[in-house]
Visitor: 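Below are the structure tokens for one structure; questions will follow.
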2 protein chains.
Amino acid sequence: MDERLEREVNLLHANICQALADPKRILILYALADGPRSVGELTDTLNVPQSTVSRHLKVLRERQLVSAARYGVAVHYSLTDRRVVEALDTLRAVLFGTLAQRAELARGLS
Amino acid sequence: MDERLEREVNLLHANICQALADPKRILILYALADGPRSVGELTDTLNVPQSTVSRHLKVLRERQLVSAARYGVAVHYSLTDRRVVEALDTLRAVLFGTLAQRAELARGLS
DNA sequence: GGCTTGCATCCGGATGAGCGGATATGCGGA
DNA sequence: TCCGCATATCCGCTCATCCGGATGCAAGCC
């Protein structure tokens, strides 16, 4: 295996893919795709304790997938790079493809 | 939060993102992007025990990200949908962007 | 049928990730 | 300065995941 690719993939995993490995974090990214949101807003949107939201935001912030800006006492988070959501949309399209295929298969079996 | 999006994201996570949450699995996908490979070939490429490769392949197979075909005593795996690798490439581009930004920042600080 | 080869699965152990209540910190208003 | 709000971090806990050697299983050869 190409050592270069291996190192690159390790970086990719550590910096991005691992961050996408939790459904709540993906939801946060989609919520931010509509524009910046404060932690409180995200807490309401996701309907989980605030500490949980902050913990997930920390993961996303450390990987620079989101960026934070303080406005008075509130902190507004926003997407750093929309391409992350685009990639997720691509994966969603793949998912629909396989789901459709499974449905097809199930119909054929019946 | 839109319940529909929430369900969709849960599916996306369970079926795809979780499968991308391990660097070895990402490497397998990239290896398969060059064409079908047998388990033995992947074992050599990744340089890990065969049981480990088979375990990861099982995860990818269950999510239908790869498909298996038996040729005699060997099993050849191939990518089900190239778009998965395309999405990974997009994320790689994002990664390079943030890495460049960090380098820039580090230079500015020195 | 016995053997080899290639792959899948089982198992116990170690590590990591998520959780959410409690608490700390930072900021603006009175 | 003291208070209150918004957010961040700490803590102990539970659960998920990965690992790799050992073992099971299918297919072809003799």
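Chain letters run A, B, ... following the sequence lines, proteins first and then strands; every chain starts at 1.
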Visitor: Take the protein atom CZ of A:Arg70 and the nucleotide atom C1' of D:dA8, then report the distance between them rounded to whole Å.
Guide: 9 Å

Visitor: Roughly how far, to the nearest 0.5 Å, is the SG atom of A:Cys17 from the CG atom of A:Asn10?
Guide: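 The distance works out to 11.0 Å.
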
Visitor: What's the CZ-C1' distance between B:Arg55 and C:dA8, to the nearest Å?
Guide: 12 Å

Visitor: Looking at A:Lys58, I'd like to know whether one of its side-chain N or O atoms comes within less than 4.0 Å of OP1 or OP2 on D:dT7.
Guide: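 It does not, given that no N or O in the side chain of A:Lys58 lies less than 4.0 Å from OP1 or OP2 of D:dT7.
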
Visitor: Ignoring backbone atoms, establish whether A:Ser54 has a side-chain N or O less than 4.0 Å from OP1 or OP2 of D:dA8.
Guide: yes

Visitor: Tell me: CZ of B:Arg61 to C1' of C:dT9, nearest whole Å?
Guide: 10 Å

Visitor: Expressed in angstrom and rounded to an integer, what is the separation of B:Arg37 atom CZ from C:dG6 atom P?
Guide: 17 Å

Visitor: With no hydrogens and no angle check, just 3.5 Å: does a side-chain donor-acceptor pair link B:Glu86 and B:Thr90?
Guide: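 Judged by distance alone, the side chains do not pair up.
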
Visitor: Is a salt bridge present between B:Asp81 and B:Arg83, judged by a nitrogen-to-oxygen distance below 4.0 Å?
Guide: yes

Visitor: Can you work out whether A:Thr52 or A:Val73 has the more 5'-proximal nearest nucleotide on DNA chain D?
Guide: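 The residue whose closest nucleotide sits nearer the 5' end is A:Val73.
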
Visitor: Compare side-chain N and O positions of A:His76 against OP1 and OP2 of D:dT7 and report whether any pair is under 4.0 Å apart.
Guide: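 Negative; the distance criterion is not met.
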
Visitor: Distance check needed: C:dG16 C1' versus A:His13 NE2, whole Å only.
Guide: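 Result: 11 Å.
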
Visitor: Can you tell me how far P of C:dT5 sits from CD of B:Glu41, to the nearest Å?
Guide: 17 Å

Visitor: Starting from the 5' end of DNA chain C, give me the residue, A:Gly72 or A:Lys24, whose nearest nucleotide shows up first.
Guide: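 The residue closer to the strand's 5' end, by nearest nucleotide, is A:Lys24.
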
Visitor: If you go through the side-chain atoms of B:Gln50, does one of them form a donor-acceptor pair with the base of C:dA8 closer than 3.5 Å?
Guide: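 Counting by modelled atom types and ignoring angles, a donor-acceptor contact under 3.5 Å is found here.
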
Visitor: Which distance, rounded to the nearest 0.5 Å, do you find between the CG of A:Asn15 and the CZ of B:Phe96?
Guide: 10.5 Å

Visitor: Tell me whether the side-chain N/O atoms of A:Tyr71 come closer than 4.0 Å to OP1 or OP2 in C:dG26.
Guide: no

Visitor: I need the CG-C1' distance between A:Leu60 and C:dA17, as an integer number of Å.
Guide: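 After rounding, the reported distance stands at 14 Å.
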
Visitor: Take the protein atom CD of A:Glu62 and the nucleotide atom C1' of D:dA8, then report the distance between them rounded to whole Å.
Guide: 12 Å

Visitor: How would you label the contact of A:Gln18 with the nucleic acid (heavy atoms, under 4.0 Å): base, sugar-phosphate, or nothing?
Guide: sugar-phosphate

Visitor: Taking only side-chain nitrogens and oxygens of B:His56, does any of them come within less than 4.0 Å of OP1 or OP2 of D:dC19?
Guide: yes

Visitor: Check whether B:His13 reaches the backbone of A:Ala21 with its side chain - one donor and one acceptor, N or O, closer than 3.5 Å.
Guide: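 Yes; judged by distance alone, with no hydrogens or angles, the pair exists.
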
Visitor: Between C:dA8, D:dT7, D:dT9, which nucleotide gets closest to the side-chain atoms of A:Val39?
Guide: D:dT7

